[in-house]
Amino acid sequence: MDYIEILPRREGTVVRNIRSFSAAEILDCGQCFRWENTAENTWRGVAFGRVCTLVEEEGALYFPHASVEEFKRVWFDYFDFGRDYNEIKALLCQDKNAARAVDFCPGMRVLRQEPWEALCSFIISQNNNIKRIRGIVARLCEFFGEPLGDGLYAFPAPQRLTGLQKEDLEPLRCGFRAEYILHAAQMVAGGDIDLQAMYTMNLDSAREQLRRIRGVGPKVAECALLYGMGRVECVPVDVWISRVLERMYPQGLPSEMASVGGIAQQYLFHYARHSPAFAGDA
DNA sequence: TACCAGGGCCTTT
DNA sequence: AAAGGCCATGGT
């Protein structure tokens, strides 16, 4: 297990003995849409209604604006420090293909984002590219989220969006997704769907409930469960993963990986999109 | 069943 | 600079 050390600094918190962490791999891989590389080794983002600054140092991570208490309460779980990635990587690397992907991005992790933000973000993500998704999400937060200073905004709660008409979302320029967002907000705010319960409930029931939302198909439901509800056995299949499955796993992912299939998918997705080796190999 | 809407980014030409 | 491909879902 990674035993990370969490220590106060005069300003903020430093975390040492971190393995398996690369901010670029984690924050710029299409699993989240609100982090920016603001300076060398420095990233700034918003999650759980809080601004977070993160500096990658030699063998450590520095959170200049987070107290030890806030780190433990919010960011420890968000960055999934409670999970032993070394153990998972060891398991995945028994397979030759997965080992290549893990070697390509050994600092990858699956974030534990807020359920509503993940659901809403991945509704926006459908039939869309990462650049544009980031723009739409940014405008959604600017128009409807609580200001947090520094020109940053919280992700708007579903309650904030109920009662809006799709015309009200025109400034987001999200096209046909506007009515999907509003329908999702109504279902969640109205209690028709309990996102919190989806952390632990039967997986197929969760999938079924999510798919009652207009605009939520199998891919989006799987993304919401994986990135928003901590369901790491979920494997969203987009075109990239579909290529990976075709070429590397025509019989499907090995059953040994099933319990962490979503994490395996994260390595493989990044590998397929960015490795010249994958692109070059017909 | 097959096909298209919606729109902006990307790659190729 | 222009053209064409891409994308997840729902509706026709």
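In what follows, chains are A, B, ... by sequence order, proteins preceding strands, each numbered from 1. All heavy atoms count here, side chains included; hydrogens, waters and symmetry mates do not.
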**Message:** Without decimals, in angstroms, what is the distance between A:Lys131 NZ and C:dC7 C1'?
**Reply:** 17 Å

**Request:** Quick one: sort the A:Trp75 and A:Phe79 rings into parallel, tilted or perpendicular, breaks at 30° and 60°.
**Result:** tilted

**Side chain of A:Asn129 - closest among C:dG10, B:dC9, B:dG7** = B:dC9

**Asked** Would you call A:Glu233-A:Arg231 a salt bridge at under 4.0 Å N-O?
**Response** yes

**Message:** Should the side chain of A:Asn127 and the base of B:dG6 be counted as holding a donor-acceptor pair, with the cut-off at 3.5 Å?
**Reply:** yes

**Message:** Distance check, P atoms only: B:dC3 and C:dG5, in whole angstrom units.
**Reply:** 15 Å

**Request:** Rounded off to whole Å, could you give me the CD1-to-P distance for the A:Ile124 and C:dA8 pair?
**Result:** 15 Å

**Asked** In whole Å, what is the span from the CG atom of A:Leu119 to the P atom of C:dT9?
**Response** 12 Å

**Asked** Does the ring of A:Tyr62 carry A:Arg16 above it, NZ/CZ under 6.0 angstrom from centre and within 45° of its axis?
**Response** no

**Distance in angstrom units between A:Ile136 CD1 and B:dG7 C1', rounded** = 8 Å

**Asked** Across the strands shown, which category fits A:Arg273 at heavy-atom distances under 4.0 angstrom: base, sugar-phosphate, nothing?
**Response** nothing

**Fill in**
Between OH of A:Tyr180 and P of B:dA5 the distance, given in whole Å, is 14 Å

**Message:** Suppose you measure atom P in C:dG4 against the same atom in B:dC4; what distance do you get, rounded to whole Å?
**Reply:** 15 Å

**Request:** Considering only NZ, NE, NH1 and NH2 on the basic side and carboxylate oxygens on the acidic side, decide whether A:Arg44 and A:Asp150 come within less than 4.0 Å.
**Result:** yes

**Complete:** Between CZ of A:Phe176 and P of B:dG8 the distance, given in whole Å, is 12 Å

**Request:** Please state how far atom CD1 in A:Ile133 lies from atom P in C:dA8, giving the value in whole angstrom units.
**Result:** 9 Å

**Request:** For C:dC7, take OP1 and OP2 only and decide whether either is under 4.0 Å from a side-chain N or O of A:Arg243.
**Result:** yes

**Request:** Check every atom of C:dA8, B:dC9, C:dG11 against the side chain of A:Lys219 and return the nucleotide holding the closest atom.
**Result:** C:dA8

**Request:** Quickly work out the A:Ile241 CD1 to C:dC7 P distance and round it to whole Å.
**Result:** 13 Å

**Fill in**
Side-chain contact check for A:Arg132: nearest option of C:dG10, C:dC7, B:dG8 is B:dG8

**Prompt:** Parallel, tilted or perpendicular: which fits the ring planes of A:Phe76 and A:Phe81, with parallel below 30° and perpendicular above 60°?
**Reply:** tilted

